[in-house]
Amino acid sequence: MSFSSKILDWYHENKRSLPWRKSTDPYKIWLSEIILQQTRVEQGLPYFEKFKATFPTVFDLAKAPADQVMKLWEGLGYYSRARNLHFTAKFIATELNGIFPNTHTAILGLKGVGPYTAAAIASFAFGLPHAVVDGNVFRVLSRVFGIKTPIDTTLGKKEFNQLADTLLAKDKAAVYNQAIMDFGATQCTPANPNCTICPMQKHCTAFSDKLIPVLPIKSKKIKKRDRFFNYLVFKNADTIVLNKRQQKDIWLNLYDFPLVEANSLLSEKELLENEVFQKIIGTQAFTIKKASKPFKQLLTHQKIVAIFWEIELKSALLVNDSSFFEVKQKNINNFAFPKIVDLYFKDKSLYLELF
DNA sequence: AAGACGGGGGA
DNA sequence: TCCCCAGTCTT
């Protein structure tokens, strides 16, 4: 029996029930695939439901304000996905009359859609014979066929893509693509796969060679840098000052506070002497009420520590930065915040003190 | 080719 | 801690 037949048989008995599989509407498929990029199904599910309910059609998404899209995406990470999602919705609505492109080439041309997502949409929505190659597929193929080429190299990508294409059940690309990904996600798992009940066991090179724990191979390792954020939370009556992040950095188009980034968390003395702080505060009267505890957040390439200085102003902040603006405290829920800011807001004692 | 880009969950 | 997750874009 062929590889694809075994995968399809396994899928028939073990498939997961997932909401985006109920539809062949390319808009819904696209939405689900963008959400699922580098994201576990369980984590993405509630976001898919939220977006589907809030934006039933591409036109609804296209006409939504950017802040609303970012707010719905809040907490999911990789926010460029949300920015590109919105951009592409507007493109489809205005340039394509709302008609989702139906060829692999055209789909691949959409912003935010790469090789994986193009193959997924092309096969799931239009039945086109393009093999998906995601993290699951890399793992399954590298193990079953004993491929040691690192998956994060040009050669590795080429090799796995070619193999995936030859294995694809071209007349049932959609179900086969779902099947191999489900197989990778629930049977051929990254750690401790249950090989004793695996239908591929007899044909699995990694199993016979005891290479399950080392395959697939990645060559690159990432280095993290430490960053220290000294956030300035200006309060004046019932308003606080927010900052819209507009520089080329993490969290583009999300909101936080005026920021003094330094090589460490600052003491109060250091903060008062800091040039950036002085530039922001200018000549205004202020009182530092308290500093929060340090909050930590791990990103793929960064380790961030942030403290939040709660500073009372006698009058509205004289804003000298176009990214700064005042907002009523009761309206902060309209803005999308990075996790670490959200954590600060949710911190119980501070929450009570602030609001 | 290498780096940047989030956040959560499992070992 | 480290690794991985229905990857893509920029440099």
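By convention in this document, chain letters (A, B, ...) are assigned in the order of the sequence lines, proteins followed by strands, and residues within each chain are numbered from 1.
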Practice item. Looking at every strand, decide which applies to G77(A) at a 4.0 Å heavy-atom threshold: base, sugar-phosphate, or nothing. Key: base
Check your understanding: Touch check for D249(A), heavy atoms < 4.0 angstrom, all strands: base, sugar-phosphate only, or nothing?
Key -> sugar-phosphate
Check your understanding: What nucleic acid atoms does R81(A) come within less than 4.0 Å of, heavy atoms only: base, sugar-phosphate, or nothing?
Key -> base
Point to revise | Dot-bracket encoding per residue of DNA chain B, Watson-Crick/G-U cut-off under 3.5 Å, | denoting interstrand | key: |||||.|||||
Exercise for review: Check the distance between dG7(B)'s P and I250(A)'s CD1 and give it to me in whole angstrom.
Suggested key: 8 Å
Exercise for review: For L76(A), report the nucleic acid contact type (base, sugar-phosphate, nothing); a contact means any heavy atom under 4.0 Å.
Suggested key: base
Exercise for review: Describe the nucleic acid contact of T300(A) in one word from base, sugar-phosphate, nothing, applying a heavy-atom distance below 4.0 Å.
Suggested key: base
Check your understanding: For L343(A) and dG6(B), what is the distance between atoms CG and P respectively, to the nearest whole Å?
Key -> 16 Å
Check your understanding: With clusters built from Ile, Leu, Val, Met, Phe, Trp and Tyr whose side-chain heavy atoms come within less than 4.5 Å, directly or transitively, what are the remaining members of the cluster of I222(A), listed by chain and number?
Key -> none
Practice item. Remember a base hit wins even if backbone is also touched, and classify N177(A) as base, sugar-phosphate or nothing at under 4.0 Å, heavy atoms. Key: nothing
Exercise for review: Please find out if less than 6.0 Å separates the ring center of F59(A) from that of Y27(A).
Suggested key: no
Exercise for review: Tell me, please, the opening and closing nucleotides of DNA chain C, 5' to 3', among those with an atom under 4.0 angstrom from a non-hydrogen atom of chain A.
Suggested key: dC4(C) to dT11(C)
Exercise for review: Go through the structure and list residues passing side-chain contact (heavy atoms from CB on, under 4.5 Å) with P258(A), not counting sequence neighbours.
Suggested key: L232(A), F234(A), V241(A), N243(A), I280(A), F324(A)
Revision key, fill the gap. Out of dC5(B), dG6(B), dA11(B), minimum distance to the side chain of Y79(A) belongs to dG6(B)
Study note, to complete from the structure: In whole angstroms, the gap separating P of dC5(B) from CG of L254(A) amounts to 13 Å
Exercise for review: Describe the nucleic acid contact of G75(A) in one word from base, sugar-phosphate, nothing, applying a heavy-atom distance below 4.0 Å.
Suggested key: sugar-phosphate
Review point. Base, sugar-phosphate, or nothing: which does V137(A) touch, judged by heavy atoms less than 4.0 Å apart?
Key: nothing
Review point. Between dG8(B) atom P and L36(A) atom CG, what is the distance in whole Å?
Key: 16 Å
**Study point:** Qualifying ring pair (Phe, Tyr, Trp, His ring centres under 6.0 Å) pairs with a residue from residues 262-284 of chain A, counting only residues at least two apart or across chains
**Key:** F277(A)-F286(A)
**Study point:** Whole-Å gap separating C1' (dA4(B)) and CZ (R227(A))
**Key:** 11 Å
**Study point:** D152(A)/K157(A) ion pair, N-O < 4.0 Å
**Key:** no
Review point. Nearest nucleotide by nearest heavy atom, which residue falls closer to the 5' end of DNA chain B, K220(A) or K339(A)?
Key: K220(A)
Practice item. Begin with the C-alpha distance, continue with both residues' side-chain angles, and end with the deciding distance and a verdict on salt bridge (charged side-chain N to carboxylate O under 4.0 Å, His left out) for D182(A) and R21(A). Key: CA-CA 12 Å; D182(A) 252 20; R21(A) 289 181 180 162; 2.9 Å; yes
Point to revise | Which residues share a salt bridge (Lys or Arg N to Asp or Glu O under 4.0 Å) with E312(A), sequence neighbours left out | key: none
Practice item. Using a heavy-atom cut-off of under 4.0 Å over every strand shown, decide if L18(A) touches base, sugar-phosphate, or nothing. Key: base
Practice item. For T153(A), answer base if it contacts any base atom (sugar-phosphate contacts may also be present), sugar-phosphate if it contacts only those atoms, and nothing otherwise; contact means non-hydrogen atoms under 4.0 Å. Key: nothing
**Study point:** Euclidean distance for C1', dC5(B) against dC4(C) (whole angstrom)
**Key:** 16 Å
Point to revise | Y11(A), W10(A), Y176(A) screened by ring-ring contact (aromatic ring centres under 6.0 Å, His included) with F183(A), the one that passes | key: W10(A)
Point to revise | Evaluation steps, ring pair (Phe, Tyr, Trp, His ring centres under 6.0 Å), between F51(A) and W73(A) | key: CA-CA 9 Å; F51(A) 272 82; W73(A) 201 272; 5.6 Å; yes
Review point. If we take the P atom in both dC9(C) and dG8(B), what is their distance in whole Å?
Key: 24 Å
Review point. Under 30°, 30 to 60°, or over 60°: which ring-plane class applies to Y231(A) and F308(A), parallel, tilted or perpendicular?
Key: parallel
Review point. When we call it a touch if two heavy atoms are under 4.0 Å apart, what does R16(A) touch: a base, just sugar-phosphate, or nothing?
Key: base
Exercise for review: Determine whether the side chains of T117(A) and E33(A) contain a donor N or O and an acceptor N or O closer than 3.5 Å.
Suggested key: no
Practice item. For W20(A), report the nucleic acid contact type (base, sugar-phosphate, nothing); a contact means any heavy atom under 4.0 Å. Key: base
Exercise for review: Mind checking Q302(A) for me? I need base, sugar-phosphate or nothing, with any heavy atom below 4.0 Å counting as a touch.
Suggested key: sugar-phosphate
Review point. Pick the nucleotide of DNA chain B nearest each of R40(A) and K248(A); which residue has the one closer to the 5' end?
Key: K248(A)
Check your understanding: With rounding to whole Å, what would you report as the distance between dA6(C) and dA11(B) at their C1' atoms?
Key -> 22 Å
Exercise for review: Let me know the distance between NZ of K223(A) and C1' of dG3(B), rounded to the nearest Å.
Suggested key: 9 Å
